[in-house]
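Read the structure below first, then the notes.
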Amino acid sequence: MSATSFGKIKALKNPKVVEFIGFFAEHCNPDSIFVCTDSEEDIQYVRDQALAKGEEEALFHPKQTIHWDGYGDQARDKENTKYIVYKENLEKMTGLNMVEYEEGHCEIMEISKGIMRGKDAVVQFFCEGPTESIFSIPCIQFTDSWYVAHSEFILYRTAYNHFLKMKKEEKGDFFRFIHSAGELDERGTSVNIAQRRIYMDTQNNIVYSMNNQYAGNSVGLKKHSMRLAINKAGQEGWLCEHMFIMAALDKEKARKTYFCGAYPSACGKTSTAMIPGEQIVGDDIAYFRNINGEFRAVNVEFGMFGIIKDVNAKDDPLIFENLMRDQEIIFSNVLRGSDNKPYWLGMGVDSPAKGRNHFGDWKKGVKDQKGNEVGVAHGNARYTMRLDYLENIDKEGFEAKNGVKVQGILYGGRDSDTTVPVEESFNWRDGILIKAATLESETTSATIGAEGVRLPSPMANLDFLSYPLGVYTENNIKFGEKVDDTPKIFSNNYFMRNAEGKFVTSKLAKKVWLHWAEGRIYDEFGYYLTPTGRIPKYEDLKELFKKYLDEEFSEEDYNYLFTFRSTKWIEKLERTKAFYKKTDPNTPQDIFDYWDATITKIKEAREKFGDLIPPGHYQE
Ligand code: OXD
Ligand code: MN
């Protein structure tokens with residue numbers, strides 16, 4: 001370590017920081033360590049090194065770069081992402097992928113011993129949430145990947161100064177991430193994928209990630225930190241959710257209403273956060289805190305690590321335009337054509353027949369070792385970009401140290417035949433148990449395996465839960481019930497199909513469902529009851545379709561979309577019950593009782609009004 005880097009560490013006067021860096025410097029044994037502050041000079045050094053070491057390459061627009069992960073390292077490795085848990089805590093961690101501490105710790109120590117030999121390492125200081133705020137969680141990343149370090153500078157708020165200012169009693173409280181891409185092949189991708197391990201220790205707030213590069217596996221501040229934060233939140237009485245934050249704008253009434261939303265992957269999360277004419281605060285992870293009785297949220301991140309597939313001029317104009325500009329963006333696992341420009345699936349332009357992509361040298365029609373044709377880009381290819389490049393950013397909310405006051409929460413699944421496009425819950429508890437806990441996503445032709453299979457996805461947060469599902473569900477209920485002005489909960493489903501298997505409305509209809517929810521927060525629209533909540537009236541939707549989309553919305557479509565499907569709903573609740581029973585048998589009985597009472601209510605409705613209950617026909 002140079003005297004300058006050492007000086008940066010020393011200035012922090014933080015023994016735990018010294019211990020962490022010192023230990024892994026010795027254990028992983030990099031050739032050198034570069035310590036970053038928040039200075040533009042240090043950030044530029046990291047950008048330059050990512051290029052110099054070949055982890056990124058400059059594109060046609062010189063500020064844009066491209067990076068490839070190994071062909072077998074294109075998504076989160078769920079199997080090898082585990083909690084290492086003290087023996088005495090094993091029993092409490094029902095339903096989690098875990099390994100006993102001694103065993104897991106020994107294995108990861110073995111794998112990481114000397115893993116950085118011949119490489120440089122980087123140490124960075126970040127903050128999850130705004131710095132110097134009630135939400136702040138300081139973090140340190142130690143990595144031997146300049147690409148990872150560069151990504152984090154785009155995605156998170158730098159916090160060397162925050163560390164400098166930490167009070168004595170706070171100095172031991174931060175998250176630590178140690179990452180190594182491991183041995184690299186001639187293309188610069190991780191070789192030892194069989195030894196890929198992501199071991200998380202919520203007892204000591206440290207995550208070890210070895211032999212990988214894909215950011216969902218490597219970037220500590222993203223999903224690893226999220227798991228540590230979910231655990232911390234559970235202990236401290238706040239929430240860390242897999243949610244966007246956005247502001248719905250009613251310009252006529254000069255109203256700005258904040259919504260958060262959770263949607264399993266490929267269920268419309270980013271496109272809801274980016275509805276034209278509204279504003280975005282965050283696209284992936286939110287912290288919720290009760291501040292003086294208010295339900296307040298911050299975007300944990302500073303940038304987006306977005307899925308690039310299907311981002312095109314028509315469907316995502318704002319993101320697309322940004323991706324076309326000469327500004328700092330890292331494209332990962334897309335094709336670089338001979339024009340040195342990036343190409344991806346669903347881009348809406350003709351892509352070249354050859355180039356370089358995640359497969360290596362690629363030509364149209366080329367097959368991988370398993371005989372599968374390799375596409376232009378990977379389906380999970382990404383872009384890494386600052387959020388504040390977006391014209392629709394809500395600057396005020398994005399920068400607010402105390403976050404924004406949330407008034408509505410949306411839970412959206414992918415479901416071709418059961419739930420209505422938008423429905424308001426009776427109350428917070430009902431929303432958590434009937435809308436959030438029952439979230440499911442149907443597999444599509446784009447996913448491997450059979451189509452139309454429903455995968456349970458409570459709160460769209462299952463992959464990141466670091467303590468049991470039942471307690472987490474209860475904590476969600478408690479949190480919302482304790483604030484003074486509890487947000488309304490709504491469900492969304494953009495994927496209902498008609499008898500011919502076609503979607504009933506266009507993608508733009510999201511805006512109408514959102515504005516109905518927005519109006520409901522101010523008690524503006526009437527509603528019809530169903531056994532599971534409150535749905536819109538036709539006249540209101542007709543007007544909203546006209547106002548926001550200049551579209552005619554037919555009564556026939558309305559009746560079809562908003563029919564209550566009794567048997568389908570009972571089946572959905574039974575699936576949820578079974579999933580909770582299997583995943584966390586210790587889920588409190590009153591949660592199961594609540595679902596049973598709802599099932600009884602639906603059965604009675606079915607008796608009285610029939611299996612398919614058109615809007616307006618149900619009465620309590
Ligand atoms: C995810 C992501 O996998 O945001 O959820 O990348
Ligand atoms: Mn996510």
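We count ligands from 1, going down the list as the structure has it; atoms in each ligand are counted the same way. Quick caveat, the model's predicted, so the values are computed rather than measured.
Aromatic ring centroids of F398 and F302 lie under 6.0 Å apart. Between F288 and F295, the ring center distance clears the sub-6.0 Å criterion. Aromatic ring centres of Y71 and F359: separated by under 6.0 Å.
Draw a line from the Mn ion (ligand 2) to NE2 of H242 and another to NZ of K223, and the angle between them is 90° (to 10°).
In terms of distance to the Mn ion (ligand 2), the nearest N, O or S atom of D284 is named OD1.
Counting heavy atoms of neighbouring residues, nucleotides and ligands inside a 6.0 Å radius, atom NZ of K78 does not exceed 12 of them.
Contact check on R386 versus D388 returns a salt bridge, with a Lys/Arg side-chain nitrogen under 4.0 Å from an Asp/Glu carboxylate oxygen. A salt bridge links E391 to R325: one of the charged nitrogens lies within less than 4.0 Å of a carboxylate oxygen.
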Show the short N or O contacts, below 3.5 Å, that ligand 1 makes with protein N or O atoms; if there are none, say 'none'.
residue: ligand 1; atom: 3 (O); partner: R76; partner atom: NE; Å: 3.1
residue: ligand 1; atom: 3 (O); partner: R76; partner atom: NH2; Å: 3.1
residue: ligand 1; atom: 4 (O); partner: K223; partner atom: NZ; Å: 3.1
residue: ligand 1; atom: 4 (O); partner: D284; partner atom: OD1; Å: 3.4
residue: ligand 1; atom: 4 (O); partner: D284; partner atom: OD2; Å: 3.1
residue: ligand 1; atom: 5 (O); partner: K223; partner atom: NZ; Å: 3.1
residue: ligand 1; atom: 5 (O); partner: H242; partner atom: NE2; Å: 3.3
residue: ligand 1; atom: 6 (O); partner: R382; partner atom: NH1; Å: 2.9
residue: ligand 1; atom: 6 (O); partner: R382; partner atom: NH2; Å: 3.2

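Ring planes of F244 and Y263: parallel class, angle under 30° (limits at 30 and 60°).
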